Every structure is written in C-alpha cells, then in structure tokens.
Amino acid sequence: MKLYNTLNRQKECFQPITEGKVGIYVCGITAYDNCHIGHARSALVFDMVTRYLRWCGFEVRFVKNFTDVDDKIINKANREGTTIFAISQRYIAEHNHDMNSLGVLPPNETPLATEHIDGMIALIESLIAKGIAYAVDGDVYFSVEKFPGYGKLSGRNPEELLAGARVEVGEKKHNPLDFALWKASKENEPWWESPWGRGRPGWHIECSAMGKCLLGECFDIHGGGADLIFPHHENEIAQSEAAYGKMPARYWMHNGFVKISGEKMSKSLDNFITIKDLLKVYHPDVLRFFMLQFHYRSPIDFSLEALAEARSALNRCYRLLEAIDSFLVGRTSLATDTPPLQNEELRSVVASFPEKFREAMDDDFNSAKAFGVIFDFVRLVNSAIANKNFGKSTDAAAILSAARKNLTSVGEALGLFTYSPAEYFQEDTAREIAKLGVSQEEIGHLVNQRQKAREEKNWARADEIRETLAGMKIQIKDTARGTAWFVE
RNA sequence: GGCGGCAUAGCCAAGUGGUAAGGCAGCGGUCUGCAAAACCGUUAUUCACCGGUCCGAAUCCGGUUGCCGCCUCCA
C-alpha cells in the first residue's frame, strides 16, 4: 500500500510501526459553530481511510480531537453570556449528530483539549527545561530558532518566513516566528492554574499532548485539512520533536479543499453550506459518493449540479443491487448447489473484483480510480442480468449473490451501499419529491389512472399521463411486477 | 514577494515513460404497446502553449500563459 506523505512530498510504501496495527490522529473541529461540507469532506476522507485500512485487516486506533477552548469559542460565549463549555458542548453534539447522519464511524477516542491541560503543561515545562521555550509575563512561547528542523513539513525556511512576518506592536516574542504554547488569561477568559500563572493553552500544543497521550510519542498517520499544514502541523512537529526527540507521526496526510464557485469554502468567506442543510436535499450517500469520486488531495469545486450528477451515478449502483435482489427472490436455494460452471468468465470477474478494487485503493487511497473499477463491474453484472440465457443457467443465482456480496463489501470499505436499495430509494425519493413540491399521493393517483388506462388498452390516455408525469420529472417504470416510478 | 498545487472530450475526472479508466450529458440501436431501466455502438490521432531528453511522453527536463491554495483563524 502506498500513500502520499506531505512530509516528503511523495508517495511512500505504508509500513505500520506495529505489524497489523495502525494509529491515526486527525485534527478535528474547533467547536463553535455548525459543520459545513468542507468539514464533511475531511471527515469522509478519513472515514474512508480508516474503513479501508480495517477492510484490509488492520486493527485501527483512530483518534479525532475537539478543540474546546479557543478565541472563537470564548468570543461566542461572551457574546451569548454563557460559558465556553456550554458553547463547545453544544457544537460537539451538533458535530456528532452530523457525523452520524453521514455514516461516519465514531473514532476510538475523541479527546477534548480541556481534558488534557495537565499533559500540555508537562510538555511545556519540558520544552522550557530544554531551553526551547521561554516564559514572558505569564505567556510561554516556542523558540523557533532553537529547533533546527522548523519548516520541514510545509517546505518553508525560517529566514523566508521572517522576511514576510508581521511584527505587531507590544509583542512579547523574542522572534516574530515564535508561537504561543500558553497564554496568560485576560478578563472574561477561562483559565487553568499553571507554573506561569492562570492561563490557557495555545492551539498547537493540544494536539502534541493528546497525540502523545493516546497514541504514543510516534504513531503512524496524522491527518487533517491541507490548511493545517502551516502553521498548525508544522508547529506540532516542532513541539513534539523538540520534547520527545522524534517525529510525532510517520505519515502526514492532508485532504484538499472544497471550493464553491472557484473559491475555498470557509467561515471567513461566508460561502459555506452546512451539512444539515445539504442533507435536507440529498441523501448522505450522495454526498459521500460526491466527495469520494475525487482523489482526496484534489480540490473539489462544489455545486448542486455536480451533486445531482453524483446522485445519478450512485443511483446506478443501487439500481444494480435492486436488480440483483429482485432476480434472487425465490431463487436463493440454487446458490447452495454446486452447479456446473456455465458462466466461468463472469464468475472469475466477480471473484477478482475486490482485488481490482484493492489495487486502486492501495495507490494512495485512489477512490476515484476505484470507482472506475466499480462501474466496470456494475456494467458487467448488468449485462449478465440483461442476457436471457444467463437467467436460465444454474449458477446464475450463485454468481449474482457473490456479486452482491462483493459490491457491498467494497462499499463497506468506502462507507457506501450500506443501505438496502429500498431504504435508499425511499429516502432519495422523499427528498426529490420535496424539492419538486409535489406529493406522493398526487403522483400515486396519476400512476393509478395510467394503470387503469393501460388495462383498458387506452394507450393514448396512458401515454398522456406518462408525459404529464415526465413533465414533473417523474419517470415511469413498468415491470413484470407492476408499475414503479422514480424522480429523474 | 516566498512556498506549493493544478491545467486531460460538452461537463466532471483517473492516469508519473509504452501508445487516453470511469461518471454525467448527447446521439444511433436492442428491449418495450409506447416509455423507463438495462445492454450494445458512438462522442479526445489527443492531454494549456513553446522547446528539449528518449526508440517511445499526457506522464521526465527547461520556459511561457492561466487558475487555485498556504504564508492570519480555517477541514
């Protein structure tokens, strides 16, 4: 398995520290507002990473933190006249609700920064003892010039950074590049007792402390959004490596951004769409499919049109599952027999499908390439079902149930196809109908009328109703077992 | 200004040396009372542009243009 390591800017063979086990730390959210689909991408990407690693047989320990003390939380708490804990707990609950809706598996550990203050203080003390950090008036700063490797993750060098650095009035730092490990608390700010007086931790120190506490001084994978490369992860490396003498993680993975109209989606640009709003109009699998159809490091340009296309593609997969299920109804007994191999080639394609999927995913979690494999497979199985002779062959049911099993297995690695086709289409239809502003009853009535006209062989009337429905974006599907309908 | 990334069909997108996956949309056909779904066929002699290396490049090197991100909180 190869994965791209931001640290060395190249794909590297993945070699876990302990055979068969993987420790992953991903930077989670600062809990002060609802999550937007940029957060969703990061969550879905690393959910795919952990799911895929588990699918491959690794025992994964996945840690994702919450930043629950920070300027933005403090500001919001002061504005609302409440505590930072009330704010962070509220948005952690919202976050968890969103993640659950998206089908993101809960991490093994979800540490809060405020639960690890002692660890942070100990870490800061050891940095001071080593002469790498210094205290000034209750603040503590990390001295960048004392750490020779500074800039290795983001590819910057301290001189260049210094040239462009802003020096603010009243700075207590010795060097403009130095960053805060601990901040003396001001009025109306939460505080913890420390050797430097009452204060609160800087942003970067929390991940160094929590990563070390839950995964050890060096773990396998550290992940986050590409915007965290600098300064957050750069500073985290500086702190941890200076304190423990080793890189905190071997592989650094960063997901690309979600853009909207060509610009990065972010709080500051105020151009974000929340997960909650999006899930009102599209099924969570559609959002997941949309995100995973791109390689995780590429930027994505988000639009509702693009999401609609993702829905069309995903529907194709669920339709196949539906078709298999309907083929298999009443025929499963055949699967237990040992029938003659009438479809040897198809059987071998079905059997080798997971391996092809694995090949694509092993190349730096290339889910985009994996979808190519999936759709080739979908077409092949569909063509078998479409073939009348295939239905007569004694091994058809066995092959199709194997195909179904393999497709959902691969889906498990991506977090897709976890619903039954009936559930999926029901939820999809409910959303589409709501968008169209028509009721199920209205459609059902028209479908019944057409059904009557068809029974009377009044084709003109039947076609007229079908056209009316088509005008409403409702497609009719006549099958042996009656008429179904769905939204285009 | 510094650092990094990207540029592939109508749209989206994979592809890091061996002759262009896949999805969406479109067109023709099969199936169907008609449709839909599904299937078959079709849609880039070509990968922003200009040079170079090589038997061979979308893929490597140099240059040009355009877009984006980071350098300040940000997934």
Side-chain angles (χ1 to χ4, degrees), chain A residues 6 9-11 26-30 32 35-46 70-72 151 154-157 159-166 168 203 223-232 234 254-259 262-269 272 289-290 293-295 297-301 303 305-306 308-317 319-320 322-323 360 363 366-376 378-388 450 454 457-460 462-463 466-467 469-470 474-479 483-486 488:
Chain A
T6 306
R9 283 179 208 82
Q10 61 186 17
K11 286 185 199 171
V26 172
C27 290
I29 58 154
T30 298
Y32 76 107
C35 292
H36 57 64
I37 56 179
H39 298 111
R41 182 179 193 189
S42 184
L44 290 168
V45 162
F46 289 104
D70 148 282
D71 286 346
K72 294 184 291 291
S154 55
R156 285 149 220 254
N157 69 61
E159 288 100 77
E160 279 165 2
L161 284 169
L162 207 50
R166 270 171 274 191
E168 287 174 27
W203 177 33
D227 49 353
L228 297 181
I229 296 171
F230 190 90
H232 185 56
E234 193 70 62
H254 294 95
N255 64 274
F257 296 122
V258 176
K259 297 191 297 171
E263 277 188 311
K264 177 183 169 183
M265 180 179 294
S266 75
K267 306 289 294 183
S268 41
L269 290 171
F272 57 90
F289 182 96
F290 172 79
Q293 73 180 314
F294 308 91
H295 183 81
R297 282 187 282 117
S298 309
I300 293 180
D301 212 337
S303 68
E305 293 72 31
E309 285 183 11
R311 170 180 174 262
S312 298
L314 177 65
N315 281 356
R316 193 169 149 77
C317 300
R319 260 187 240 120
L320 172 62
E322 193 176 49
D363 183 12
N366 196 335
S367 52
K369 197 195 272 180
F371 278 123
V373 174
I374 289 173
F375 282 104
D376 281 342
V378 168
R379 190 184 333 102
L380 200 95
V381 177
N382 265 327
S383 73
I385 295 173
N387 184 330
K388 291 204 172 79
R450 173 171 171 278
R454 290 184 74 221
K457 298 217 187 290
N458 184 351
W459 306 126
D463 290 354
R466 199 194 65 232
E467 290 308 318
L469 286 163
I474 306 298
Q475 281 293 349
I476 286 294
K477 188 176 176 181
D478 294 322
T479 70
T483 296
W485 59 269
F486 65 94
E488 254 174 39

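Residue numbers begin at 1 in each chain, while the letters A, B, ... track the order of the sequences. The shown structure was predicted, so the numbers you read here are calculated from the model rather than taken from an experiment.
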Please enumerate all protein N or O atoms sitting under 3.5 Å from an N or O of nucleotides 12-16 of chain B, with distances to 0.1 Å.
from, atom 1, to, atom 2, distance (Å)
B:A14, OP1, A:H295, N, 3.4
B:A14, OP1, A:S298, OG, 3.3
B:A14, O3', A:N366, ND2, 3.0
B:G15, OP1, A:N366, ND2, 2.7

Residue pair A:R319, A:V378: steps toward the side chain to side chain contact (heavy atoms under 4.5 Å, CB included) verdict: CA-CA 10 Å; A:R319 260 187 240 120; A:V378 168; over 6 Å; no
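What you find for A:A306 and A:S303 is that their closest heavy atoms are N-OG, 3.0 Å. In terms of heavy atoms, A:C317 sits closest to A:I374 at SG-CG2, 4.4 Å. Shortest non-hydrogen contact noted between A:L320 and A:V381 is CD1-CG1, 3.7 Å. Summarising the geometry of A:H295 relative to A:A368, their closest heavy-atom pair is N-CB, 4.0 Å, with the distance given to 0.1 Å.
One interatomic measurement links the two molecules: NE2 of A:H254 to P of B:C3, which rounds to 20 Å at whole-angstrom precision. In this structure, A:K457 atom NZ and B:U32 atom C1' are separated by 13 Å, rounded to whole Å. The nearest whole Å value for the distance from the CZ atom in A:F375 to the P atom in B:G22 is 11 Å. Rounded to whole Å, the distance from CG on A:N255 to C1' on B:C70 is 14 Å. Taking atom CG of residue A:D227 and atom P of nucleotide B:G5, one finds them 17 Å apart after rounding to whole Å. B:G4 atom C1' lies 8 Å from atom CD1 of A:I229, rounded to whole Å. A straight line from CG of A:L162 to C1' of B:G1 spans 15 Å, rounded to a whole angstrom. Rounded to whole angstrom, the span from the CZ atom of A:R297 across to the C1' atom of B:G4 amounts to 12 Å.
A close approach under 4.0 Å does occur between a side-chain nitrogen or oxygen of A:K264 and OP1 or OP2 of B:C70.
Counting only heavy atoms from C-beta outward, the side chains of A:W485 and A:R450 never approach each other to under 4.5 Å. Between A:R454 and A:D478 the shortest side-chain heavy-atom distance falls below 4.5 Å. Within the 4.5 Å cutoff, the side chain of A:F230 has heavy atoms near those of the A:L161 side chain.
Among the atoms of the strands shown, base atoms are found under 4.0 Å from some heavy atom of A:V258. Among the protein residues, A:R450 comes within range of the nucleic acid bases, having at least one heavy atom under 4.0 Å from a base atom. Residue contacts for A:F257: at a heavy-atom cut-off of 4.0 Å it reaches a base atom on one of the strands shown. A:G262 comes within 4.0 angstrom of sugar-phosphate atoms only, judged by non-hydrogen atoms across all strands, and of no base. Among the atoms of the strands shown, only primed sugar atoms or phosphate atoms (P, OP1, OP2) are found under 4.0 Å from some heavy atom of A:G224. Among the protein residues, A:G28 comes within range of the sugar-phosphate backbone only, with heavy atoms under 4.0 Å from sugar or phosphate atoms but none that close to a base.
Between A:F289 and A:F371, the angle of the ring planes lies from 30° to 60°, which puts this pair in the tilted group.
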How would nucleotides 36-42 of chain B be written as a contact map, 5' to 3', with B for base contact, S for sugar-phosphate-only contact and - for no contact, using protein heavy atoms under 4.0 Å? BSSSS--
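Counting atom types as modelled, A:R454 pairs a side-chain N or O with a base atom of B:G33 as donor and acceptor under 3.5 Å.
Once the 5.5 Å centre distance and the 30° plane angle are applied, the aromatic ring of A:W459 is found stacked with the base of B:G33.
Here the side chain of A:D463 is nearest to one of B:G33, B:G4, B:C73, namely B:G33. When distances run from any side-chain atom of A:K72 to the nucleotides B:A75, B:C3, B:C73, the shortest one goes to B:C73. Distances from the side chain of A:D376 to the nucleotides B:C71, B:A21, B:G4 place B:A21 closest.
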RNA chain B base-pair string [pairs: Watson-Crick or G-U under 3.5 Å; |: paired with another strand]: ((((((((.[[[..)..(...]]].(((((.......))))).....[[[[[..)....]]]]])))))))....
